[in-house]
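In what follows, a single structure is set out as C-alpha cells and then discussed.
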Amino acid sequence: MAYSDYSDGADDMPDFHDEGEFDDYLNDEDYELMNEVFPPLKEELRDYHGCDNLSLKLALLDNDFDLESTVVELKRTLKKKKAPKKPTVTADDTSNVAQKLAGTSISKPTGHGLPEWLDEEEEEEGERKGSDAGDDGRLVQRYYKTTVPTKPKKPQDISAFIQSELPHLSFVVLGHVDAGKSTLMGRLLYDLKIVNQVQLRKLQKESETLGKASFKFAWIMDQTNEERERGVTVSICTSHFSTEKANFTIVDAPGHRDFVPNAIMGISQADMAILCVDCNTNAFEKGFDLDGQTKEHMLLASSLGIQNLIIAMNKMDSVNWSQQRFEEIKSKLLPYLVDIGFCGDNISWVPISGFSGEGVHKIDYPNEVKQWYNGPTLMATLENCASKISKESVKTTEEDPFLFSILEIIPLKKTNNELALVSGKLESGSIQPGESLTIYPSEQSCIVDKIQVGSQQGQSTNHEETDVAIKGDFVTLRLRKAYPEDIQDGDLAASVDYSSVHSAQVFILELTTFEMNRPLLPGTPFILFIGVKEQPAKIKRLISLIDKDNNVIKKKVRHLGSKQRALVEIELIEVKRWIPLLTASENDRLSRVVLRKDGRTIAAGKISEISE
C-alpha cells in the first residue's frame, strides 16, 4: 500500500521511487530525527500489513515526526495480520511440562560478604544458579559471580617484582609465503642453543628424506606433517626463549593467503612484529606489488594495534649483500608503512641471511656489509625493543585491571568439574595465586590456585610455578571452582571488581575500509575477527562518515566505498555463544576487529560503543 492510499500527503511533496531517494531529500536534521523515530514505529506496526519503509517514513514526515499520531493514523488505515492458531495442549503435554518444571531448581544468591564458593573448604557440586534455554535454543548457563576480590596467598609487591624481572616481549613473524620466516626463527633458536646440534642433524636427515634439505631450520618451527610436506606454515606456532637481557615468545604466523585467519590470531597475541622480506631478485616485488601477502600482513598488523616493527631484510646473501638492493626495497616499503599508520621512528631495518646466519645473532657480517651497515643484529634489535616496550608498559601493569585472553583450555588427566587449566596472555594488570577472577561470557568467578610459566610443545611440558604474572606474560592458570565445559578459546578473564566487559550482539565500530571490489551496504555479511575468535556478522546500519580525528563529515550514508572511515553498527549473526567485548576507551588492543569477505580483508576498526 502506497502512502497516497491513506493520506493526501504534502502538496509540494515530490514522487519518490524508493527509500534511498526519500533519505536524500531530507536535510541532516530531519534525517537524524527520522533515524530516531523510525525503528520504534516499525516495532509498533510489526503485526500490520503494508508497512514498507518508504510509506512509513512518508507518514512520519507528514505528522512532523510525531510517533504517537503516526501510529494512531496508520493503525486506523492498515490491516492487522491474522494471528496463527495456537496448538492444542493435550493432557499428556501438560504432564510433560509439569515434569520438566518439577526437575528445575532455582538457586538464590548468597548473602552479603564473600559468596560460599570462595571459601577455602571444598564444597559439594550444585553451585550453579541454573540454566535457561535462549530464544534460539542455546543453553545459557548462569553462575555465581562475585565482585569482592580475594587476597593473594603470598602477597607480592608488584612494583618490586617488575624491577627484578627481565622484560618480556612477544613478537609475530610476518611476510609473504617463502620469505624464509620459519627458517629465520629456526636459525635464531639454534644460535641461542635452544635447539642443539643433535636435534638439528635429525631434522636435516628427515628433511633430506623428503628432498627438502634446505628446510632443516624451518622444521624447528613447522612441526606438523602438513606443514613439512607443503613447505608452508599452517598453524600458529609459539616458542619461548630467554637471553641475558629479556624473555621472548615467538609467534610464527602463516604467510600463505589460505591461512590469513591464522595470521590474524597470531598478530592479536603479539607486542610487536618482524616482517621477513625476501631480498632475492624479483622476490620482494612478487610479495609486495603482485597481490602478495606482504601488504596485507602489514595492514593487519597496523589495524590490530602493532606499533613497533623490525624489517628483517632476508636472503641478502643471494644478492651479494647489495646496499643498492637494500635501499631499493626500503624506498618502496617505508612510504607504504607510514601511509597505513606506522611511525618511521618505530621501524628498524636489519640485513640478514636466515639460512647461513649472518646478522641473526652469533655470525658476524661480511666485511662488505660493515662498510654500509653498522647497526645491531636481529637479536640485539629484539632486545632493544623488549626494553623499550617494557618501560612503556610499567605504569599500566601497576595501575590497570587484570585482563587475560584465554587462548587454550588444557584437558586434565583426571576429570574434575571444579578444576580448569587455561593458558593465554595477560593483556593488562597482574595476577597472583589466591586472587579471584571472572571469566566472560559465562560470568563464572574462580580462584587462581597456581600460575605456571614456560613452554609447552606437544605433549611435553616445561612449566615452572611463579608467584606473579604481569602484563605481556604467556602463562597457564590453574583455577579452582571453575567449570571448564563452559570456557572456550577467546574467552576473557578479568578482575572480579572490573565491570566493563560486555556480552552483546550489536555494537558500533569506528571502521576503516580497505580496497574493495564492491561497496559495503546495510545487510552486507562478512566474517568478523576479534582476538582468536571469528564470527559471522553483518552491517546493520551505516551511521556517518568520519575523518581521521573522528569528526562527522556526513550523516546520510547509503554505502561505503574503498578507503573510507565511518561509524557503523554491526550485528553478530548465527550467534551460538556471546563474545566478550570491550570498547577502545576501556582497552585499545582488545577492542580491535578485522572484517574479511570472500577471502579478502576488507576493513578493520575499533569498538566505540556496545549495545546492552
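Along the sequence shown, the residues carry numbers beginning at 1. Hydrogens, waters and symmetry mates play no part in the numbers below; they use all other heavy atoms, side chains included.
Note that OG of Ser428 and NZ of Lys471 are 7.0 Å apart. Values are rounded to the nearest 0.5 Å. Distance check, rounded to the nearest 0.5 Å: CZ of Phe526 to CD1 of Ile602 gives 7.0 Å. To the nearest 0.5 angstrom, Ser303 atom OG is 7.5 Å from Ile340 atom CD1. The distance from atom OG1 of Thr601 to atom CD1 of Ile264, rounded to the nearest 0.5 Å, is 5.0 Å. Atom CG of Asp491 is separated from atom CG of Asp486 by 9.5 Å, given to the nearest 0.5 angstrom. Note that CG of Leu45 and NZ of Lys75 are 6.5 Å apart. Values are rounded to the nearest 0.5 Å.
Between Cys446 and Ala482 the shortest heavy-atom distance is SG-CB, 3.7 Å. For Ile546 against Ala566, the heavy-atom pair with the smallest separation is CG1-N, 3.7 Å. Closest non-hydrogen pair, Glu534 versus Pro261, comes out as OE2-CB, 4.3 Å. Contact between Asp497 and Thr147 at its shortest, heavy atoms only, is CB-O, 3.7 Å. Here the shortest heavy-atom pairing between Ala301 and Ile267 reads CA-CG2, 3.9 Å. Ser500 approaches Leu582 most closely through the heavy-atom pair O-CD2, 3.3 Å.
Checked by atom type and distance alone, the side chain of Lys540 never pairs as donor or acceptor with a backbone atom of Glu571 at under 3.5 Å. Side-chain atoms of Arg565 never come within 3.5 Å of backbone atoms of Leu545 as a donor-acceptor pair (strictly under, hydrogens ignored). Ser495 places a side-chain N or O within 3.5 Å of a backbone atom of Phe402 that can act as its donor or acceptor partner. Judged by distance alone, with hydrogens and angles left aside, the side-chain atoms of His176 form no donor-acceptor pair with the main-chain N or O of Thr294 at under 3.5 Å. For the pair His502 (side chain) and Leu581 (backbone), a donor-acceptor distance under 3.5 Å is absent. Put simply, the side chain of Gln564 gets close to the backbone of Gly561: a donor and an acceptor are under 3.5 Å apart. Without hydrogens or angle criteria, Ser562 side chain to Met516 main chain gives a donor-acceptor distance under 3.5 Å. For the pair Ser69 (side chain) and Asp66 (backbone), a donor-acceptor distance under 3.5 Å is absent. At least one donor-acceptor pair under 3.5 Å links the side chain of Ser170 to the backbone N or O of Asp271. Side-chain atoms of Lys556 come within 3.5 Å of backbone atoms of Leu26 as a donor-acceptor pair (strictly under, hydrogens ignored).
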Q) Going through the checks in order, is the side-chain contact (heavy atoms from CB on, under 4.5 Å) test met by Leu275 and Leu333? A) CA-CA 11 Å; Leu275 173 63; Leu333 189 53; 3.8 Å; yes
(Q) As a quick check of understanding, evaluate salt bridge (charged side-chain N to carboxylate O under 4.0 Å, His left out) for Glu515 and Lys563, giving each step before the final call. (A) CA-CA 6 Å; Glu515 288 289 345; Lys563 297 183 178 180; 3.5 Å; yes
**Q.** Verdict with supporting geometry, Arg596 and Phe529, side-chain contact (heavy atoms from CB on, under 4.5 Å)
**A.** CA-CA 8 Å; Arg596 300 195 90 235; Phe529 291 84; 3.6 Å; yes
(Q) I'd like to know whether Ile543 forms a side-chain contact (heavy atoms from CB on, under 4.5 Å) with Val568, so could you lay out the CA-CA distance, the side-chain angles of the two residues, the decisive distance to 0.1 Å, and finally the verdict. (A) CA-CA 5 Å; Ile543 300 171; Val568 177; over 6 Å; no
Q.
Is there a side-chain contact (heavy atoms from CB on, under 4.5 Å) between Lys332 and Phe284? Walk through the geometry before answering.
A. CA-CA 10 Å; Lys332 291 181 180 179; Phe284 165 73; 4.0 Å; yes
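Between Val277 and Ile311 the shortest side-chain heavy-atom distance falls below 4.5 Å. Side chains of Leu61 and Phe22 form a contact here, defined as non-hydrogen atoms less than 4.5 Å apart. Looking only at side-chain heavy atoms (C-beta outward), Ile607 and Ile508 stay at 4.5 Å or farther from each other. Side-chain contact between Ile527 and Leu595 is absent, with no heavy atoms from C-beta onward closer than 4.5 Å. Contact check for Leu520 versus His559: no side-chain heavy atoms found under the 4.5 Å cut-off. For the pair Gln269 and Leu407, the minimum side-chain heavy-atom distance is below 4.5 Å. Put simply, the side chain of Leu590 reaches to within 4.5 Å of the side chain of Leu403, judged on heavy atoms. No side-chain heavy atom of Phe404 sits under 4.5 Å from any side-chain heavy atom of Leu492.
At a cut-off of 3.5 Å, with distance as the only test, no side-chain donor of Ser608 or Glu510 sits close to an acceptor on the other residue. Side chains of Asn63 and Glu73: a donor on one and an acceptor on the other come within 3.5 Å. Ser445 and Thr438 share a side-chain donor-acceptor pair at under 3.5 Å. One side chain, Lys533 or Gln488, offers a donor N or O that lies under 3.5 Å from an acceptor on the other.
With respect to Lys606, the side chain to side chain donor-acceptor pair (under 3.5 Å) criterion is satisfied by exactly one of Thr512, Asp588, Thr583: Asp588.
Considering only residues two or more places apart in sequence or on other chains, Asp489 meets the side-chain hydrogen bond (donor to acceptor under 3.5 Å, both in side chains) condition with none of them.
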If you look only at distance, which donor and acceptor atoms sit under 3.5 Å apart when one is on a side chain in residues 33-44 and the other is two or more places apart or in another chain?
from	atom 1	to	atom 2	distance (Å)
Lys42	NZ	Asn53	OD1	3.1
Glu43	OE2	Arg46	NH1	2.7

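Sparse packing is recorded around CD of Gln307, with 12 or fewer heavy atoms of other residues, nucleotides or ligands lying under 6.0 Å away.
Relative to the six-membered ring of Phe288, Lys295 meets both conditions, a distance below 6.0 Å and an angle of at most 45° to the axis.
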